[in-house]
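This report refers to the structure that appears directly beneath it.
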Amino acid sequence: MTLRIYNTQSRKKEEFHPLQEGKVGIYVCGITAYDVCHVGHARSAVVFDGITRYLRYRGWEVTYVKNFTDIDDKIIDKARRENAGINAIAERYIREHDEDMGMLGVARPTFTPRATENIDGMIRLVTTLLEKGLAYPMDGDVYYSVERFPGYGKLSGRNLEDMLAGARIDVNEKKRNPLDFALWKASREGEPWWESPWGRGRPGWHLECSVMSQRYLGETFDIHGGGEDLVFPHHENEIAQSEGATGKTLARYWIHNGFVRVNSEKMSKSLGNFFTIRDILQQYHPEVLRLFLLQSHYRSPVDFSDAALNEARQGMNRFYSTLKLLRDIAAGGTEMAPETAEKDGEMKAQLQSLRERFCEAMDDDFNTARAIGHLFDAVRLVNASLAEKKPDVSRSVFVQAGKTLLEIGSVLGFFRQESDDYLRRDREREAGKRGLSVAEIERLIAERRAARAAKTWQRADEIRNGLAAQGVILQDAPDATTWTIA
RNA sequence: GGCGGCAUAGCCAAGUGGCUAAGGCAGCGGUCUGCAAAACCGUUAUUCUCCGGUUCAAAUCCGGAUGCCGCCUCCA
């Protein structure tokens with residue numbers, strides 16, 4: 001089976017073959033560290049986390065590089081407003097980013113370089129571009145001359161004439177062509193600076209990625225990713241810089257994730273319609289957010305809402321409820337069929353088929369939505385066997401089913417928690433949101449158990465209906481009553 | 001103004017030329033249950049925004065219309 005990836009540059013799905021047998025190099029543009037991350041950042045992180053996990057699951061050795069932009073206008077502004085150093089600002093938001101991503105279960109990239117650690121490399125790259133006649137200095141700035149790079153526009157499907165025809169480009173008389181972009185900016189009063197052959201200044205935004213990707217992955221590497229808003233101009237400019245300097249292809253496959261929307265509009269800082277990751281994780285389990293994000297294909301827009309998250313929550317509860325059943329079986333607490341059960345072979349075949357269908361879906365441009373569908377199929381299969389009075393599948397095969405679910409789920413970053421803990425935390429969180437007291441709920445349940453034991457059904461039903469009116473749903477089992485929030 | 005994307009059930013969402021149009025949420029009927037809930041079984045799109053075309057065959061390809069969105073300025 002071959003992995004196929006939609007390449008932004010060709011606008012087609014292409015077969016993926018890494019440059020080096022058995023190894024994959026991937027570079028993803030990270031955040032500018034000037035504020036806390038919102039759900040849009042979470043999507044990008046979760047999508048590329050899933051992609052790298054799958055590439056590893058498939059057996060490739062993956063080097064995953066994700067940078068931090070720690071020198072930029074917005075960081076400087078923020079530092080000024082807060083009367084702090086830019087390092088302190090960047091440091092703070094990088095730390096917060098790492099915390100958020102940690103909570104989301106995003107695995108750390110192999111390397112997380114920062115722009116300011118790579119100034120020397122950037123100066124060298126600008127020097128090369130000047131030597132090649134692809135850039136020109138102007139009053140302490142250095143600009144890239146887009147007309148001198150023949151492939152300019154190839155990633156985003158634009159050409160210079162069309163772009164110039166559109167009148168929305170600000171005029172800067174220092175530039176020879178309005179589309180030229182700054183490689184190096186002379187520093188103004190009070191701004192941070194580094195010494196350079198062109199005077200004291202600081203790098204333009206696009207430069208760092210060209211330098212850092214080459215440093216960790218080489219002149220040509222396999223996959224370059226980021227949010228779709230980076231296609232133009234950021235990634236187009238990276239190509240111009242890197243390929244202009246080396247004469248070699250920068251990245252062989254370009255992957256861009258779609259936006260998170262709110263009421264059909266892009267979630268963004270400037271529109272002010274964003275939700276921070278940490279706020280959402282107060283309301284929902286991280287895996288619920290992951291499920292919400294991965295239930296759509298990574299290139300489609302996804303509309304963020306409380307209702308949508310709650311649907312994902314119901315789905316995740318379905319997974320964990322089944323995992324709990326399987327875990328209880330593994331612990332030996334459930335009476336089971338003998339090891340020679342008649343349907344063992346069938347179940348084993350289904351489990352193998354689950355693996356295959358999962359890989360088939362993921363091989364088709366990381367179709368996590370389809371893959372998750374298969375996971376739900378497996379849940380139904382297991383539940384159906386367990387629903388029978390005498391399951392005709394033996395314990396060891398159910399144990400195997402649990403392992404398979406955990407194995408496949410882990411590729412998507414799911415099922416990282418013990419099912420009992422997950423379900424308990426879900427109850428408590430949801431009760432908290434509604435201002436309900438867990439102790440009071442459990443007291444009423446105990447009272448109802450006594451009523452049921454005494455067969456005073458009226459009182460038992462009164463308690464249950466009262467709780468149900470508040471959204472507390474009871475589930476009576478022979479040995480205990482559990483509860484959940486609707 | 002230039003360039004591009006999307007439109008599938010009540011909602012979310014896979015499916016990109018040919019078997020019964022995945023899956024989730026919600027709903028309905030049944031099994032189970034003291035009654036419920038969960039789970040399971042069944043059911044909910046003769047049809048994929050609309051109009052034309054290509055084809056033996058189209059949600060899937062082509063043309064047009066309508067609607068929504070994005071990039072072109074910082075943006076995941």
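Every chain is numbered from 1, with letters handed out A, B, ... down the list of sequences.
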Using Watson-Crick or G-U wobble geometry with both distances under 3.5 Å, which nucleotide pairs with [N]?
{"N": "B:A22", "value": "none"}
{"N": "B:U54", "value": "none"}
{"N": "B:U66", "value": "B:A7"}
{"N": "B:C71", "value": "B:G2"}
{"N": "B:C40", "value": "B:G30"}
{"N": "B:U60", "value": "none"}
{"N": "B:U16", "value": "none"}
{"N": "B:A45", "value": "none"}

- Query: Below 4.0 angstrom, N of the basic side chain to O of the carboxylate: do A:Glu430 and A:Lys433 qualify?
  - Reply: yes
- Query: If you measure from the Lys or Arg side-chain nitrogens to the Asp or Glu carboxylate oxygens, is any gap between A:Glu96 and A:Arg92 under 4.0 Å?
  - Reply: no
- What string of B, S and - do you get for nucleotides 12-27 of chain B 5' to 3' if you count protein non-hydrogen atoms under 4.0 Å? -SSS------BSBS--
Please tell me which of the listed nucleotides, [options], lies nearest to the side chain of [X]?
{"X": "A:Lys266", "options": "B:C74, B:A76, B:C35", "value": "B:A76"}
{"X": "A:Asp162", "options": "B:C69, B:G2, B:A76", "value": "B:G2"}
{"X": "A:Ala387", "options": "B:G34, B:A38, B:A39", "value": "B:A39"}
{"X": "A:Ser264", "options": "B:G70, B:C68, B:C35", "value": "B:C68"}
{"X": "A:Phe232", "options": "B:C71, B:G34, B:A76", "value": "B:C71"}
{"X": "A:Trp457", "options": "B:G34, B:C3, B:G70", "value": "B:G34"}

[X] [atom1] to [N] [atom2]: how many Å, rounded?
{"X": "A:Asn257", "N": "B:C6", "atom1": "CG", "atom2": "C1'", "answer": "16 Å"}
{"X": "A:Arg11", "N": "B:G5", "atom1": "CZ", "atom2": "C1'", "answer": "9 Å"}
{"X": "A:Leu325", "N": "B:C40", "atom1": "CG", "atom2": "C1'", "answer": "12 Å"}
{"X": "A:Asn317", "N": "B:A39", "atom1": "CG", "atom2": "C1'", "answer": "14 Å"}
{"X": "A:Phe259", "N": "B:A76", "atom1": "CZ", "atom2": "P", "answer": "10 Å"}
{"X": "A:Leu271", "N": "B:U73", "atom1": "CG", "atom2": "P", "answer": "16 Å"}
{"X": "A:Tyr152", "N": "B:C72", "atom1": "OH", "atom2": "C1'", "answer": "10 Å"}
{"X": "A:Glu228", "N": "B:A76", "atom1": "CD", "atom2": "C1'", "answer": "10 Å"}

- Note on the structure: Residue set satisfying ring-ring contact (aromatic ring centres under 6.0 Å, His included) with A:Phe319, at least two apart, ordered chain then number -> A:Phe376, A:Phe415
Roughly how many Å apart are [M] and [N], using the [atom1] atom of each and rounding to a whole number?
{"N": "B:A57", "M": "B:G64", "atom1": "C1'", "value": "23 Å"}
{"N": "B:A7", "M": "B:C61", "atom1": "P", "value": "10 Å"}
{"N": "B:A9", "M": "B:G1", "atom1": "P", "value": "31 Å"}
{"N": "B:C50", "M": "B:C6", "atom1": "C1'", "value": "16 Å"}
{"N": "B:C56", "M": "B:G29", "atom1": "P", "value": "48 Å"}
{"N": "B:G24", "M": "B:G4", "atom1": "P", "value": "38 Å"}
{"N": "B:U20", "M": "B:C25", "atom1": "C1'", "value": "23 Å"}
{"N": "B:A59", "M": "B:A21", "atom1": "C1'", "value": "8 Å"}

Base, sugar-phosphate, or nothing for [X], non-hydrogen atoms under 4.0 angstrom?
{"X": "A:Gly40", "value": "base"}
{"X": "A:Lys74", "value": "base"}
{"X": "A:Gly30", "value": "sugar-phosphate"}
{"X": "A:Leu474", "value": "base"}
{"X": "A:Arg448", "value": "base"}

- Task: Could you give me the CA-CA distance, side-chain angles and deciding distance for A:Glu236 and A:Arg158, then say whether side-chain contact (heavy atoms from CB on, under 4.5 Å) is met?
- Result: CA-CA 10 Å; A:Glu236 198 70 70; A:Arg158 299 157 198 241; 5.5 Å; no
- Check each of A:Arg313, A:Gln470, A:Arg429 against A:Ile485 using the side chain to side chain contact (heavy atoms under 4.5 Å, CB included) test, and report the only one that passes.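 Only one option passes, and that is A:Arg313.
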Looking at every heavy atom in both [X] and [Y], which two are closest together, and how far apart are they?
{"X": "A:Lys66", "Y": "A:His97", "result": "NZ-NE2, 3.6 Å"}
{"X": "A:Glu238", "Y": "A:Ser210", "result": "O-OG, 3.3 Å"}
{"X": "A:Arg202", "Y": "A:Pro192", "result": "CD-O, 3.9 Å"}

- Task: Could you list the residues that satisfy side chain to side chain contact (heavy atoms under 4.5 Å, CB included) with A:Glu462, not counting sequence neighbours?
- Result: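 Residues passing side chain to side chain contact (heavy atoms under 4.5 Å, CB included) with A:Glu462: A:Arg459.
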- Parallel, tilted or perpendicular for A:Phe181 and A:Tyr152, by the 30°/60° rule? parallel
- Query: Taking OP1 and OP2 of B:A38, is either one under 4.0 Å from a side-chain nitrogen or oxygen of A:Lys324?
  - Reply: no
- Message: Side-chain N or O of A:Asn383 versus OP1/OP2 of B:C40: is the shortest distance under 4.0 Å?
- Response: yes
- Message: Need to verify one output field. Residue with the more 5' nearest nucleotide on RNA chain B, A:Tyr34 or A:Ile473?
- Response: A:Ile473
- Item | Sidechain-backbone polar pair: A:Asn67 side chain, A:Thr112 backbone, donor-acceptor under 3.5 Å | no
